[in-house]
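Residue numbering restarts at 1 for every chain, and letters A, B, ... go by the order of the sequence lines. These numbers were taken from a predicted model, which means no experiment stands behind them. Side chains included, hydrogens not; waters and symmetry mates left out as well; all remaining heavy atoms used.
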Amino acid sequence: QDSVTLTIATVNNGDMIRMQSLSDEFTAQHPGIKLEWVTLEENVLRQRVTTDVATSGASHDAQYDVVTVGTYEVPIWAGQGWLVPLNDLPAEYDVDDLLPAIRNGLTIDGELFAAPFYGESSMVMYRKDLMEKAGLEMPDAPSWDLIKQAAAAMTDKDNEVYGICLRGKAGWGENVAFLSAMANSYGARWFDENWTPQFDSEPWRNTLTDYLDLVTNYGPPGAASNGFNENLALFQQGKCGMWIDATVAASFVTNPDESTVADQVGFALAPDNGLGKRGNWLWAWTLGIPAGSQHVDAAKQFVAWATSKEYTALIAENEGWANVPPGTRKSLYDNPEYQKVPFAKMTLESIMAADPINPTVDPVPYTGVQFVAIPEFQGIGTLVGQQFSAALAGQVSAEQALQNAQQLTTREMTRAGYFK
Amino acid sequence: MARAITPRRKAIMTVIAWTIGLLIFFPIFWTVLTSFKTEAEAVATPPRFLFFDWTLENYAAVQERSNYFRHFWNSVVISFGSTLIGLIIAIPAAWAMAFVPGKRTKDVLMWMLSTKMLPPVGVLVPLYLLFRNTGLLDTRSGLIIILTLINLPIIIWMLYTYFREIPGEILEAARMDGATLKSEILYVLTPMAVPGIASTLLLNVILSWNEAFWTLNLTAANAAPLTAFIASYSSPEGLFYAKLSAASTMAIAPILILGWFSQKQLVRGLTFGAVK
Amino acid sequence: MGRITLEGVAKRFGETEVIPPLNLDIEDGEFVVFVGPSGCGKSTLLRLIAGLEDVSDGRILIDGVDATPLSPAKRGLAMVFQSYALYPHMSVRKNIAFPMRMAGLDEAEQKRRIDNAAKALNLTDYLDRRPGQLSGGQRQRVAIGRAIVREPSAFLFDEPLSNLDAALRVGMRLEISELHNRLKTTMIYVTHDQVEAMTMADKIVVLHAGRIEQVGSPLELYRNPRNVFVAGFIGSPKMNLFTGDAAREYGAETIGVRPEHISVSPDSGKWKGRIGVSEHLGSDTFFYVEDTGLAEAVTVRADGEVALRHGDTIWMTPAEDKIHRFDANGDRMAP
Amino acid sequence: MGRITLEGVAKRFGETEVIPPLNLDIEDGEFVVFVGPSGCGKSTLLRLIAGLEDVSDGRILIDGVDATPLSPAKRGLAMVFQSYALYPHMSVRKNIAFPMRMAGLDEAEQKRRIDNAAKALNLTDYLDRRPGQLSGGQRQRVAIGRAIVREPSAFLFDEPLSNLDAALRVGMRLEISELHNRLKTTMIYVTHDQVEAMTMADKIVVLHAGRIEQVGSPLELYRNPRNVFVAGFIGSPKMNLFTGDAAREYGAETIGVRPEHISVSPDSGKWKGRIGVSEHLGSDTFFYVEDTGLAEAVTVRADGEVALRHGDTIWMTPAEDKIHRFDANGDRMAP
Amino acid sequence: MATKASKTAARLMISPAVILLLMWMIVPLAMTVYFSLLRYNLLMPGMESWAGLENYRYFFSDPAFTSALVNTLLLVGGVLLVSVTGGVLMALLLDQPFWGQGFVRLLVLAPFFVMPTVSALVWKNMFMNPVNGIFAWLFKTLGMQPVDFLTEAPLMSIIGIVSWQWLPFASLILLTAMQSLDSEQLEAAEMDGAPTLKRFWFIILPHLSRAITVVILIETIFLLSVFAEILVTTNGGPGTATTNLTFLVYVQSLLQFDVGLGSAGGVVAIILANIVAIFLMRMIGKNLDA
Ligand SMILES: Nc1ncnc2c1ncn2[C@@H]1O[C@H](COP(=O)(O)OP(=O)(O)OP(=O)(O)O)[C@@H](O)[C@H]1O
Ligand SMILES: Nc1ncnc2c1ncn2[C@@H]1O[C@H](COP(=O)(O)OP(=O)(O)OP(=O)(O)O)[C@@H](O)[C@H]1O
Ligand SMILES: [Mg+2]
Ligand SMILES: [Mg+2]
């Protein structure tokens with residue numbers, strides 16, 4: 001049998017890199033398959049993979065056999081027929097074990113188009129010691145008011161302790177993700193049922209004002225260029241009192257090798273305003289197979305392996321339970337070993353609390369919590385994100401930023417033909 | 001100006017020059033230094049200068065993640081390949097412009113340079129489709145073709161300015177001596193222009209080595225050079241300064257060392273006729 | 001063999017005619033010097049003969065064969081350039097061997113000829129040096145060596161000595177003359193220095209604005225310049241040319257007297273003047289005499305040392321039989 | 001005023017002593033030429049005077065004032081460089097105006113001096129050209145113009161003519177001599193061309209390896225060279241120097257006879273030889289005579305045209321009273 | 001040199017280069033122009049249709065367009081200003097005698113070899129970061145508030161980073177040029193009474209003008225398409241403070257995969273680049289012949 005070489009495009013995060021180093025297990029089991037890794041930073045990855053998938057379509061000349069895609073792309077790509085459906089995964093894969101919130105987002109017309117590698121929501125990570133010092137207590141489900149109060153209490157700029165670290169870097173996957181989720185809890189939405197942008201609404205105004213308030217008063221300097229990584233580094237150095245961000249961060253901030261505050265981290269659900277929606281998102285990195293791949297069968301074997309229970313066990317054995325890719329399988333959270341992991345419970349609860357189908361208080365025509373699952377969103381999100389970061393940098397007022405966002409979005413939606 | 005330079009003045013100049021030189025170099029020095037620190041030490045305040053536990057763990061981590069040597073080799077093949085092919089095309093062209101100049105020569109040269117102003121993002125999609133259809137995607141030959149075209153104007157210009165310094169009489173002498181056009185270029189012009197050709201080669205190898213747009217967008221795994229290698233570090237998760245530094249060091253070290261060793265040569269040719 | 005004949009050869013660069021049609025015959029074995037002021041077309045003419053430029057009109061015959069359509073290499077001529085045009089990356093040996101290598105001569109023959117040339121030109125010790133390591137005169141010799149080994153039917157020299165300093169120039173001039181005496185090959189030599197022309201040539205061709213003013217042996221030109229231009233150009237220091245009354249006295253428009261044909265005296269003579277600059281070389285003395293009543297300053301040469309200085313009054317008498325007369329067109333008048 | 005005195009001036013570059021301590025007096029209004037072979041330290045000496053190099057030892061007095069610690073600009077000297085050193089981006093006018101602009105002279109005065117200099121140097125038509133658009137001689141004049149307008153107490157020239165061609169060199173030489181006659185300002189002129197030295201100087205300083213070999217007027221040096229070096233250096237063509245039997249006959253280690261002090265005859269004389277190369281200039285004839293039985297070839301000059309050619313046998317007789325005798329150290333022996 | 005044979009040969013020898021570059025210019029350009037007239041989004045295949053000039057209208061009406069134009073000019077101009085003045089000063093400095101000249105030259109040359117991505121990453125994370133960066137530490141040590149460069153002066157920061165990369169190039173060309181100045185000219189000026197500063201102004205600077213033009217030309221070619229530095233550090237923000245034309249086209253064609261719009265932007269960028277080119281060529285042509 002000729003050996004086939006799979007070219008796998010992955011994002012450069014810790015879990016994916018771990019998979020790369022453990023992939024010898026897979027090739028040992030499948031001697032006919034060689035793996036070729038292309039690891040790229042998220043933006044570059046998305047751009048490269050999209051160009052490739054979109055230009056090759058269904059013709060058999062895609063450069064990648066397995067691509068790492070997010071929950072944003074999967075429904076769009078599946079709709080274009082760019083991904084191979086994964087209905088025929090082996091029985092031991094146990095599709096039904098996947099968390100429904102995640103699985104729903106990857107299923108279009110009843111067909112699964114990508115296998116989740118890990119899933120995440122967002123939650124509050126906080127410093128127990130600082131909360132204690134401030135004389136406050138963090139409930140499991142805090143409100144935004146409490147967050148504001150705690151942030152104010154914990155801030156000690158002279159000692160470089162900042163009450164709250166939030167994303168400020170422009171980008172639809174960066175500040176826009178956070179703000180969209182936050183806006184949901186404030187009762188805001190991107191579009192109304194007629195796709196009219198809603199940035200001129202009161203809830204958005206409140207969202208942005210509160211956000212700016214928090215970050216400028218209690219956040220670290222340079223917040224306008226902080227993304228996930230920058231904040232992670234800050235938190236690990238003990239410079240953040242609270243950090244509202246992806247649940248996957250939990251394993252990093254509790255890892256004593258990297259974090260100076262590993263034993264002081266507490267977790268809580270993302271805050272709410274009592275409107276029935278919390279400010280948390282839902283995201284999963286998944287593995288999909290481009291329709292243009294020349295090695296669909298081998299690719300399926302790999303995808304099944306990399307997202308299987310077996311792989312989870314392999315990681316647990318090699319790296320410990322805390323490093324298992326989280327958020328994809330019910331069975332993981334049923335595992336008593338895993339329940340010992342401090343953030344396991346809160347991660348699961350956060351994921352369960354997100355509802356991509358009905359993300360907002362008021363009805364909307366789109367799905368997706370912190371994004372809008374339409375192709376135009378990447379571009380719009382980037383433009384809106386730039387406005388929000390400009391507001392944070394003090395270049396424009398909140399009012400002005402929202403007004404610009406409204407205009408830009410209207411413009412793009414008009415061009416895309418949403419209003420005839 | 002050959003008047004006595006007082007040792008005092010020389011000492012002062014030495015201090016100033018070294019300070020400025022070290023300041024300019026500092027970012028690179030710091031990167032290299034950081035690559036030997038642990039992640040925690042990399043972000044320590046105040047910064048640690050020399051007193052820390054030197055470690056190679058970041059290099060190990062980087063190597064584990066991606067096959068450095070393959071990227072390295074791709075970079076070598078692509079940058080040298082494109083430059084050499086460029087030279088082969090450019091030498092005759094520069095010969096013609098330098099020794100048989102016409103009214104249009106200058107215009108042609110300027111037009112050639114202006115093709116370098118083509119913004120790559122604007123034409124990525126068309127070229128991507130073109131490459132896909134010709135099977136050049138993710139091949140070293142594909143990249144060599146692109147980089148040859150990108151660098152050709154600079155190569156021609158550099159050679160042209162170099163050739164112009166060579167007295168035409170020598171080529172005429174060769175012609176009188178019975179040399180054909182081919183032997184004239186092969187045995188007389190090219191060897192005489194070796195210093196110029198060498199610096200052209202160097203500069204264009206450096207430019208190709210650092211070219212990040214096309215090399216990133218037209219490769220996947222097989223032909224990916226070091227620019228793609230570094231692209232996977234532009235924002236990994238968690239503390240990453242040390243690993244980033246290690247990867248950066250590995251990406252720039254080869255060309256830095258090559259550049260340093262040949263700097264005399266490089267600098268000498270880096271004048272584009274600006275110096276007569 | 002090396003007989004070169006130009007028939008109606010002309011050269012235009014675009015609109016400007018640099019060389020109007022001209023005819024010229026160069027005999028086998030002759031040493032011909034093209035001389036003329038800068039820009040008069042000497043180099044162009046030489047390059048036309050070499051084939052480095054295309055003629056605009058006319059034919060060039062080499063040994064009776066029409067060479068006009070031939071490439072430079074095919075004409076069997078060798079050229080020595082003003083800048084020497086040595087190949088800087090090759091050793092002296094390789095430089096000299098280059099034309100033979102191009103012609104595909106076998107190694108043994110190449111070696112033989114290189115050794116001969118090196119011996120003749122005193123280059124044996126330098127064969128393995130690069131041109132950059134040689135002095136100006138040595139480089140000049142290498143250039144000549146490279147020409148010799150081809151055993152050409154004629155040598156072309158374009159101001160080969162103008163880059164050398166005065167002392168070396170005299171030496172190299174002698175060497176080239178000796179070479180010609182030995183080889184007896186046709187040589188065409190371009191210079192704008194009339195001393196070089198006088199000392200080296202069998203035949204001088206005086207060019208002026210692309211036209212041939214006179215062709216003849218050095219002494220012919222010295223004694224019987226055909227017109228004012230040649231009279232002024234040949235001889236050093238320049239012939240004194242007078243117009244006006246002084247000339248009319250001899251029934252001519254212009255008369256000329258060479259500085260060496262004027263005798264001086266502190267107290268009597270034909271013309272009187274005041275010494276402007278005097279140059280005392282020991283062997284000779286030159287006076288540049290002003291306020292003579294003639295329109296022009298007069299240059300006079302006296303043998304040995306003459307004790308007259310700047311500002312002194314001087315009397316001058318031309319040798320009557322050495323006076324040249326020219327008509328209104330500047331052409332020589334019969335004596 | 002421009003009296004320049006060097007007292008024990010020496011120059012070392014690192015370890016090597018280029019100029020051993022020397023004394024020299026230059027009178028006001030004198031035209032002094034430094035002459036010597038290449039590398040003998042002429043330029044260095046001039047630059048020491050100009051202040052462009054620091055002396056290693058000794059003092060330089062200008063008009064009796066110690067100028068050693070002064071900057072070049074303060075010494076009141078003007079220099080004309082070998083490469084002209086014109087400012088290529090300025091027009092001729094601006095070039096000439098530059099020193100006055102630096103000195104802050106008012107516009108009207110600047111204009112006046114520029115016009116005067118331009119008239120004197122025949123540059124009026126070129127004032128608005130760039131140096132790149134001028135011929136070599138014109139550039140030279142601009143450089144002189146730039147020096148003149150400063151009205152310096154002395155002019156320093158460093159081989160100002162060596163980049164010009166032979167004909168132009170003669171012309172410029174005269175112009176500079178005339179300038180000196182007119183301005184009567186001290187001029188120090190460096191050259192390695194002994195003809196220039198002889199024709200221009202009031203006083204020649206012959207340098208050899210940094211040492212002064214002889215100081216004197218041109219004719220003094222011509223007639224009584226103090227040693228073999230000066231004897232061989234001054235005079236053109238070079239003095240014939242003989243050692244061996246020919247010298248011993250006169251009780252000397254070396255004797256010297258100038259080419260113009262040897263008479264020739266086709267049938268009788270003191271020495272016999274065969275003509276190698278003969279140069280017929282019309283005004284003079286030079287013979288390079290070989291196979292003389294003397295160790296060296298002999299150069300002979302005959303006036304006018306002498307009908308002897310390559311290969312002819314010739315007899316030569318030196319003028320006994322013009323024979324120079326030198327001892328084993330090369331120093332002149334009393335007559 | 002000017003025989004018919006050599007002219008024919010010359011035409012033959014130059015043609016491969018000309019043909020290749022013509023193809024390189026025309027083929028993608030023609031495709032780009034063609035695409036720019038289509039409604040064509042990669043994410044919505046099969047919907048390509050003729051759009052006329054709509055893409056252009058849309059591109060020009062983009063509120064970010066003007067600021068991108070201004071930013072492009074500021075970026076190019078700023079880097080040129082810094083690298084040329086810095087280069088002249090560096091050249092003056094390196095031309096002075098001091099101990100270890102060769103080594104300092106190596107130090108100064110080094111940034112030229114660094115990949116743009118790497119340099120942007122290093123500057124952003126290890127220097128300009130307001131919490132962990134070296135600058136922040138310096139400011140704090142000096143008792144000042146750390147400056148958040150990429151937020152407070154984003155364009156200036158990028159100009160700084162890019163200037164750092166191009167300073168060596170300018171320094172070295174200018175140094176070579178400076179060393180080619182005939183020392184007799186400086187001596188003449190000194191004799192003429194010009195003090196150091198005036199010698200610099202009247203002699204050295206005019207001598208460098210040709211080299212400066214060349215530096216400007218070459219750098220402009222590369223600076224017009226600065227991209228990696230922006231992508232890595234600020235992503236074009238905050239707001240559109242660091243979005244240049246290249247980045248704008250990137251956002252439109254590669255983030256939105258709107259090939260039609262991106263191509264229109266590409267065509268506009270090409271036209272603008274050529275305007276700059278023509279302007280530069282004029283200047284160069286004049287200066288190079290002199
Ligand atoms: N390629 C050319 N194009 C146009 N004109 C030219 C060309 N080459 C020479 N000329 C012109 O032809 C004339 C003769 O030039 P040529 O070089 O033959 O002069 P020359 O007698 O050799 O002068 P010199 O003594 O200065 O070398 C000059 O006026 C020159 O400007
Ligand atoms: N800056 C310097 N450092 C070391 N040696 C030098 C320097 N300048 C000159 N010399 C040496 O000093 C000696 C005299 O040089 P100088 O330039 O004065 O000679 P010159 O008589 O002017 O020669 P030329 O006729 O070739 O111009 C030479 O041997 C030269 O090598
Ligand atoms: Mg010529
Ligand atoms: Mg000198």
Side-chain angles (χ1 to χ4, degrees), chain A residues 41 43-44 46-47 50-51 53-55 57 73 76-77 80-82 160 162 168-172 174-175 220-227 229-230 233-234 237 239 375-383 385-396 401 404 407-408 411-412 415-417, chain E residues 39 41-47 51 54-55 57-59 61-64 117 121 124-125 128-133 136 139-140 145-154 157 228 231-243 248 250-262:
Chain A
E41 185 263 329
N43 288 318
V44 181
R46 186 169 285 122
Q47 174 209 319
T50 311
T51 319
V53 170
T55 52
E73 286 97 350
I76 301 172
W77 290 14
Q80 302 288 6
W82 290 345
E160 292 197 334
Y162 306 98
K169 184 181 182 177
W172 70 269
E174 294 278 8
N175 62 347
S225 36
N226 285 354
N229 298 301
E230 290 81 359
L234 288 169
Q237 293 169 69
K239 296 188 172 172
E376 293 78 13
F377 181 73
Q378 276 198 65
I380 298 177
T382 304
L383 297 174
Q386 285 182 342
Q387 289 307 318
F388 291 165
S389 72
L392 184 54
Q395 290 179 347
V396 294
N404 291 348
Q407 269 171 14
L408 287 166
R411 194 177 120 88
E412 297 290 331
R415 169 167 170 79
Chain E
R39 186 187 294 273
N41 190 313
L42 267 192
L43 295 177
M44 288 170 272
M47 312 222 322
E54 185 195 305
N55 286 320
R57 222 171 299 133
Y58 195 74
F59 184 82
S61 65
D62 190 325
T117 335
L121 280 172
K124 178 193 177 194
N125 291 305
M128 292 179 168
N129 185 303
V131 177
N132 290 317
F139 276 91
K140 277 180 272 184
Q145 192 60 36
V147 175
D148 179 10
F149 291 98
L150 290 171
T151 309
E152 287 167 32
S157 307
L231 180 71
V232 171
T233 51
T234 61
N235 233 326
T240 50
T242 54
T243 299
L248 186 66
Y250 160 79
V251 169
Q252 282 164 343
S253 72
L254 291 187
L255 278 185
Q256 320 199 36
F257 293 97
D258 189 335
V259 179
L261 183 57

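Note on E/Thr233, E/Thr240, E/Leu231, E/Asp258: by heavy-atom pairs under 4.5 Å with chain A, the leading option is E/Asp258. Between chain E and the options A/Ala401, A/Pro220, A/Pro221, A/Ala393, the largest number of non-hydrogen pairs under 4.5 Å is found for A/Pro221.
Residue contact with chain E, scored on non-hydrogen atoms closer than 4.5 Å, is absent for A/Leu392. Contact annotation for A/Ala223: only backbone heavy atoms (N, CA, C, O) come within less than 4.5 Å of a heavy atom of chain E. Of the atoms belonging to E/Ser61, heavy atoms from both backbone and side chain fall under 4.5 Å from chain A. Contact annotation for A/Gln395: only side-chain heavy atoms (C-beta onward) come within less than 4.5 Å of a heavy atom of chain E. Heavy atoms of A/Glu230 lying under 4.5 Å from chain E belong exclusively to its side chain. Only the side chain of E/Phe257 has a heavy atom closer than 4.5 Å to any heavy atom of chain A.
The nearest pair of heavy atoms linking E/Thr151 to A/Gly222 is OG1-CA, 4.1 Å.
Listed by chain and number, the residues in a salt bridge (charged side-chain N to carboxylate O under 4.0 Å, His left out) with A/Arg411 are E/Asp62 (sequence neighbours excluded). For E/Glu54, the salt bridge (charged side-chain N to carboxylate O under 4.0 Å, His left out) partners are A/Arg415, E/Arg39, not counting sequence neighbours.
Expressed to the nearest 0.5 Å, how far CG of E/Leu150 lies from NZ of A/Lys169 amounts to 10.0 Å.
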